[in-house]
Every structure is written in C-alpha cells, then in structure tokens.
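Below is one structure, written out as structure tokens, with a few remarks after it.
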Amino acid sequence: MTTAASLAAFLAQVRQTLAAQWVDTRPATLERYGEHTLPADKRVPGAVLFPESTADVQTIVAAANAHGVPLYPISTGNNIGLGSRAPIAPGQVVVDLGFRMNRILEVNEEICYAVLEPGVSFQMLHDELARRGDRLMVSATSGPPHGGVIGNALDRGAGYGPYFDHFGMLCGMEIVLGNGKVIRTGDGALDTDNLLNWHVSKYSAGPALDGLFSQSNYGIVTRVGVWLMPRPPVARSFHFTFPDDDDISEIIDLCRPLKLSNFVPTLFRISNDLYAISSEAKNEEYPAGSKASYSDGARKGLQAKHGLGAWQVSGLFYGASDAAIEPMIQRVRGHFEKSGKARYISHEEAGAIAPLRVAIESMTGRPGITELGMLQWRPGSGNSWFLPGTPMVGRHALELDHLGRSIFKKYGMDYMVMHVASARFARGLHVLVWNKDDADENARADACYRELTVEFARRGVGVGRAPVDYQSLHMEQIIPELRDTYSAIKKALDPNGIIAPGKYGIEVASA
C-alpha cells in the first residue's frame with residue numbers, strides 16, 4: 001500500500017525531470033482516468049504522468065522503485081469494455097504513454113513496416129499511410145479508431161485481414177523493464193548502432209523474449225516495429241445470412257475448409273443478429289421495464305426490419321481486378337449455398353447495410369467507429385467483453401453457443417456474439433451491455449461474466465483477452481505451475497513489483 005508520503009516523494013523526484021505540467025494530480029483528471037465501463041466502482045489513480053521519451057519512462061521507473069510506488073502504463077486508454085484507462089487498483093500511478101509519445105518514427109515502404117511509439121492510433125497510422133499514397137494498409141480493428149496500435153497488439157487484439165494477428169505482426173521492441181534496464185528484442189539486441197534488421201528479423205541468437213511483454217506486467221514497451229500489408233488494387237466482399245440460431249454448427253463447418261486451404265485470405269466474421277443490428281438499434285423492451293433477455297420474437301422482428309438473419313457471415317477477396325475476383329466469389333457462393341439455408345448478399349448491396357459495411361471497412365484496413373454503437377443498446381454505459389474461442393468444428397461451436405446463450409439468459413443479458421474464424425480456431429466476441437446505473441443489473445452482469453468464465457474453462461476453453469476486473473479470475477483457471485512461473489519471471493524482471501501489480505493476476509513471487 002502506497003503511503004501519502006511515499007507518493008509525494010515519488011512525484012517530487014519525477015518533477016525534477018518532467019516539467020510540472022506533465023505530472024497531473026488534479027482531482028478532475030484523476031476522476032476521469034478512474035472511469036471505466038466494468039461493474040466495479042471507479043479506480044482513481046494517485047497521479048497521471050505524461051512522459052515524452054524512453055528516457056522519461058526510465059526516470060519514472062527508477063523513482064517508482066526508489067519509493068515503492070506502483071505504476072500503471074497505458075497507450076491511448078481506449079480499451080473500452082476491458083478496463084479503459086483505469087488502473088488495476090486505486091492509487092496506482094497511471095503512466096499515459098499516448099499523450100506525448102505518439103510519433104510514427106519510420107515508415108519503410110520498400111519492406112513494408114512502420115516503427116511506432118505507444119500513442120500512435122489506428123487512425124493516425126491509416127491517415128499517414130493514406131498521405132503517402134495509400135500503398136500500404138494497417139490491419140484495423142472494428143473498435144475505437146483512436147485505440148493504440150501497440151496497446152492493442154500487446155493485449156493480443158486482432159484484425160480481420162491476412163495480417164489479423166497484431167502481436168504476430170510486431171517485430172523488434174524497445175522495453176524499459178521493471179528493474180529500470182532497457183532492452184531491445186530481435187536483431188535490435190545486437191551491440192551496434194547499425195540496427196539494419198531490427199524490424200524485419202524477429203529472432204536473433206538466444207531465447208525470443210517478445211512474448212513476455214504480451215498480457216504481462218514485466219516492462220513498459222516504448223517503441224515497436226509493425227509489419228504492414230501492401231494494399232491490393234481491388235477488394236470485394238461476400239456475405240451470407242442464415243435464418244436459425246443453430247445454423248452456427250453448419251456455418252463453422254462451411255468456413256473451415258476455405259480457411260484451411262487459405263482460399264479466403266481474410267478471417268470470417270460470423271455475427272449473430274444482436275451483435276450486427278445493435279450498432280444501429282436499441283432494446284425497445286428495456287424502457288418498458290423488462291429485466292429479461294431480449295425476446296426471440298423481438299429478435300425476429302429486428303432481423304426482418306434490417307434484412308439480416310440469425311447469423312451473418314462476411315469475408316473478402318483481394319485481387320488485380322473485379323474480373324479476377326469474380327470466379328472466387330462464385331466459388332464461395334456455390335460452397336455456402338449448397339447448404340440450402342444461406343442467402344447471398346453482394347459487395348455492392350452490403351455497402352448500403354451498416355453492419356456489413358463495417359466488415360468491409362475493417363477487412364480493407366479502414367478504422368471505423370460504427371460498431372461501437374452497440375454500447376448504447378441499453379442505457380447506462382455498462383460494457384465488458386468475454387472472449388473465449390472454439391475449435392473450428394460445428395458440433396463444438398453449437399455446444400458452446402447453447403452454453404453461452406443459457407448463461408446470458410439466466411442473468412437477463414442480451415446475447416450478442418461474433419465469431420472471428422480462422423482455419424482451426426474461432427475467437428468468440430461475447431458482448432455484455434447493461435445499465436451500470438442500475439445496481440441489480442450491474443450485479444447480474446458481474447455474475448454472468450464470472451459464470452461464463454468458470455463454465456467455459458471447465459470445458460477446456462480459455463479467453464484471448466480479459467477485462468481488468470476479471471484477469472485474476474481467469475488466472476485462477478490455469479495450472480499453478482504456470483502461475484508460479486509467471487510470478488518468478490516477474491521477480492526477475494521487476495523485483496519490486498512496481499509495474500501494474502496484479503495485471504493478469506501476476507504478482508512478484510513470494511520468498
């Protein structure tokens with residue numbers, strides 16, 4: 001527990017390097033940084049710091065070690081539904097890397113990579129690439145355009161195109177460890193000023209350490225290389241709707257061979273009705289006093305109104321011309337329509353349908369905010385994301401879909417889910433939206449998330465990312481030997497436990 005005296009001494013030391021304006025303790029600032037959309041109360045930080053460089057971060061880390069003050073680094077703080085800018089615990093000092101460390105340090109159009117600081121957002125990177133002629137494309141999420149590219153990648157966020165694996169597309173990091181030392185990964189580790197291969201060769205001699213800084217609290221990443229995709233001349237999407245909830249089984253089995261062969265280069269976006277439609281609609285049963293999940297009859301009404309189905313499937317092809325892509329579209333149509341249930345929607349038609357237009361934009365590297373309209377489905381701004389996966393086997397997907405629906409219904413939550421499907425695995429984006437101003441509903445949302453976590457884990461299904469409030473709960477589901485290993489690494493790299501103690505349930509191992 002940080003004392004007032006140790007916090008004051010820490011801030012005094014930091015102010016010797018950072019100008020006073022970059023050390024913020026104003027109550028209004030602290031309140032704002034403590035806000036989030038999760039069921040818990042605000043977590044107000046002890047201060048907010050705004051470094052400008054790796055050297056500034058080193059200064060902050062050294063002072064934190066000297067005075068025992070825990071830090072909570074963020075990039076842009078747009079981690080909506082997963083914790084936003086709020087620290088793990090009240091009183092931790094937020095280190096806002098995004099406010100001043102927001103430079104695009106390099107764009108290499110020959111080898112197709114960029115070097116970024118933590119504050120560079122998807123929109124910023126997209127705009128810079130567009131300014132340079134739009135020859136390269138960023139792998140965009142369908143989340144906030146002002147979300148940080150590095151922060152998203154380090155928390156293993158993803159996109160939808162061929163470069164969807166955002167962490168996998170990082171190459172060459174600079175990190176300030178919890179012990180204050182600065183390291184570089186990949187060929188950036190070579191003892192020379194000529195770092196020719198830093199952002200193109202992931203693996204230098206010795207262990208590859210990059211993965212240690214994903215979903216962890218061992219250090220603060222201050223710059224990273226990001227691989228970019230050359231923008232193809234033409235992109236055309238395809239879309240199918242399916243009428244029934246249980247069609248998810250057949251959908252998964254239809255998608256699998258197209259991804260195993262990599263015939264379809266993008267991931268498949270498989271969204272249910274409420275996930276797709278809630279971005280431009282609201283739960284009209286809620287104002288009438290309903291405490292139950294949105295009714296099946298009302299869901300069918302929304303499907304008819306918006307011309308969609310119980311499920312929507314989207315993918316996209318890239319090519320040299322429309323004519324080159326057309327045979328591929330026809331092959332996919334034949335593959336899906338053999339089911340007898342799929343209804344095809346063309347690229348041109350989809351452009352006029354907001355939920356499908358989101359899919360096109362995200363798969364072509366255009367950041368957008370449309371999908372976040374779902375957070376207004378109910379009033380009160382409560383939102384969290386439960387992100388388990390499933391093997392690409394229809395019977396398993398159906399079993400997990402039934403499980404998820406039953407738990408959502410038990411707690412009066414509206415079932416919103418999109419499966420983002422690759423060859424062998426699909427990530428399920430389960431969205432909880434509720435009225436955070438209603439104490440009972442807030443409690444039910446919390447209980448719903450906790451039961452989902454335990455029941456999916458019992459079936460061998462973990463999550464890809466976790467909201468801050470539930471990271472320790474997820475860590476409890478894994479074997480103790482791995483938890484102990486995480487703690488031992490924490491002890492080695494951050495012996496005083498000053499960087500985000502408790503993040504993903506990781507604390508310094510006890511003696």
Side-chain angles (χ1 to χ4, degrees), residues 112 122 126 129-130 133-143 145 158-165 169 227-242 250-252 254-271 275-277 279-280 306-309 311-339 341-371 392 418-423 426:
C112 304
F122 288 97
H126 169 269
L129 297 178
D134 215 23
R135 291 182 289 272
L136 300 175
M137 58 184 274
V138 64
S139 173
T141 71
S142 51
Y160 305 98
Y163 284 34
F164 71 92
D165 180 1
M169 292 299 148
W227 289 348
L228 303 172
M229 177 177 161
R231 183 172 293 285
V234 177
R236 289 181 61 81
S237 63
F238 57 85
H239 312 263
F240 301 94
T241 66
F242 285 75
E250 186 170 14
I251 291 168
I252 291 292
L254 285 167
C255 291
R256 183 178 65 249
L258 298 178
K259 283 305 301 174
L260 281 170
S261 64
N262 210 32
F263 178 70
V264 174
T266 66
L267 301 184
F268 283 101
R269 286 170 51 105
I270 307 167
S271 58
Y275 189 101
I277 297 168
S279 61
E280 53 180 6
H306 292 271
L308 296 173
W311 295 100
Q312 349 306 317
V313 181
S314 298
L316 184 140
F317 287 110
Y318 310 101
S321 66
D322 288 340
I325 293 175
E326 184 59 26
M328 296 184 280
I329 296 284
Q330 293 306 316
R331 178 177 165 184
V332 168
R333 281 194 69 174
H335 179 75
F336 274 91
E337 289 175 343
K338 71 183 180 183
S339 71
K341 304 192 78 172
R343 179 175 67 88
Y344 173 66
I345 298 175
S346 71
H347 176 80
E348 291 75 16
E349 293 172 300
I353 302 172
L356 303 184
R357 189 168 61 248
V358 169
I360 298 171
E361 291 171 348
S362 62
M363 291 176 180
T364 53
R366 312 290 187 190
I369 201 167
T370 301
E371 201 159 89
M392 285 292 286
M418 178 170 71
H419 299 284
V420 185
S422 59

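- When atom types are taken as modelled, the side chain of S339 and the backbone of K341 share a donor-acceptor pair closer than 3.5 angstrom.
- A side-chain donor-acceptor contact under 3.5 Å links R357 to the backbone of G351.
- R256 contributes a side-chain N or O that, together with a main-chain N or O of M392, makes up a donor-acceptor pair within less than 3.5 Å.
- Taking OG of S314 as the start and CG of L267 as the end, the distance is 12.0 Å to the nearest 0.5 Å.
- A side-chain donor-acceptor contact under 3.5 Å links K259 to the backbone of T266.
- Contact annotation: the side chain of M137 approaches that of P232 to within less than 4.5 Å [non-hydrogen atoms, C-beta and beyond].
- Nearest heavy-atom pair, L136 versus P230, reported as atom, atom and distance to 0.1 Å: CD2-CA, 3.9 Å.
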Residues R231, T364; criterion side-chain contact (heavy atoms from CB on, under 4.5 Å); working and verdict: CA-CA 8 Å; R231 183 172 293 285; T364 53; 4.3 Å; yes
Should H126 and R366 be marked as a side-chain contact (heavy atoms from CB on, under 4.5 Å) after you check the CA-CA gap, both sets of side-chain angles, and the distance that decides it? CA-CA 7 Å; H126 169 269; R366 312 290 187 190; 3.2 Å; yes
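- By the 4.5 Å heavy-atom criterion applied to side chains, F317 and P265 are counted as neighbours.
- Residues H306 and P355 are not in side-chain contact: their nearest non-hydrogen atoms beyond the backbone lie 4.5 Å or more apart.
- The aromatic rings of H419 and W311 are tilted relative to each other, their planes meeting at an angle between 30° and 60°.
- One finds the CG atom of L316 at 11.5 Å from the CZ atom of R269 (value rounded to the nearest 0.5 Å).
- Within the 4.5 Å cutoff, no side-chain heavy atoms of I251 are placed close to those of F240.
- With rounding to the nearest 0.5 angstrom, the CZ atom of F164 is 12.0 Å from the CE atom of M363.
- Considering all non-hydrogen atoms of both residues, I345 and A350 come closest at CG2-N, 3.9 Å.
- Between E348 and R236, at least one side-chain N (NZ, or NE/NH1/NH2) sits under 4.0 Å from a carboxylate O, which counts as a salt bridge.
- Counting all heavy atoms, side chain and backbone alike, G319 lies closest to P233 at O-CD, 3.5 Å.
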Check against side-chain contact (heavy atoms from CB on, under 4.5 Å), L254 and H335: CA-CA 7 Å; L254 285 167; H335 179 75; 3.8 Å; yes
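- Residues M328 and V264 fail the side-chain proximity criterion, which asks for heavy atoms closer than 4.5 Å.
- Ring geometry for F238 versus F268: interplanar angle over 60°, hence perpendicular rather than tilted (30 to 60°).
- Using a 4.5 Å cut-off on side-chain heavy atoms (C-beta onward), V358 and Y160 make no contact.
- Annotation: the span from S237 atom OG to I325 atom CD1 amounts to 10.0 Å, rounded to 0.5 Å.
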Let me see the working for M229 and Y318 under side-chain contact (heavy atoms from CB on, under 4.5 Å), right down to the final yes or no. CA-CA 12 Å; M229 177 177 161; Y318 310 101; 4.0 Å; yes
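- Of all heavy-atom pairs spanning L228 and L129, the tightest one is CD1-CD2, 3.9 Å.
- For the atom pair OG (S362) and CZ (F122), the distance works out to 11.5 Å, reported to the nearest 0.5 Å.
- Taking every heavy atom of both residues into account, A158 and T141 meet most closely at O-CG2, 3.5 Å.
- Summarising the geometry of S271 relative to A276, their closest heavy-atom pair is OG-CB, 3.8 Å, with the distance given to 0.1 Å.
- Although no hydrogens or angles enter the test, the distance criterion places no donor-acceptor pair under 3.5 Å between the side chain of H239 and the main chain of Q312.
- With rounding to the nearest 0.5 Å, the separation of CD1 in I252 from CD1 in I270 is 4.0 Å.
- Listed for the S139 side chain is a donor-acceptor partner under 3.5 Å among the backbone atoms of Y163.
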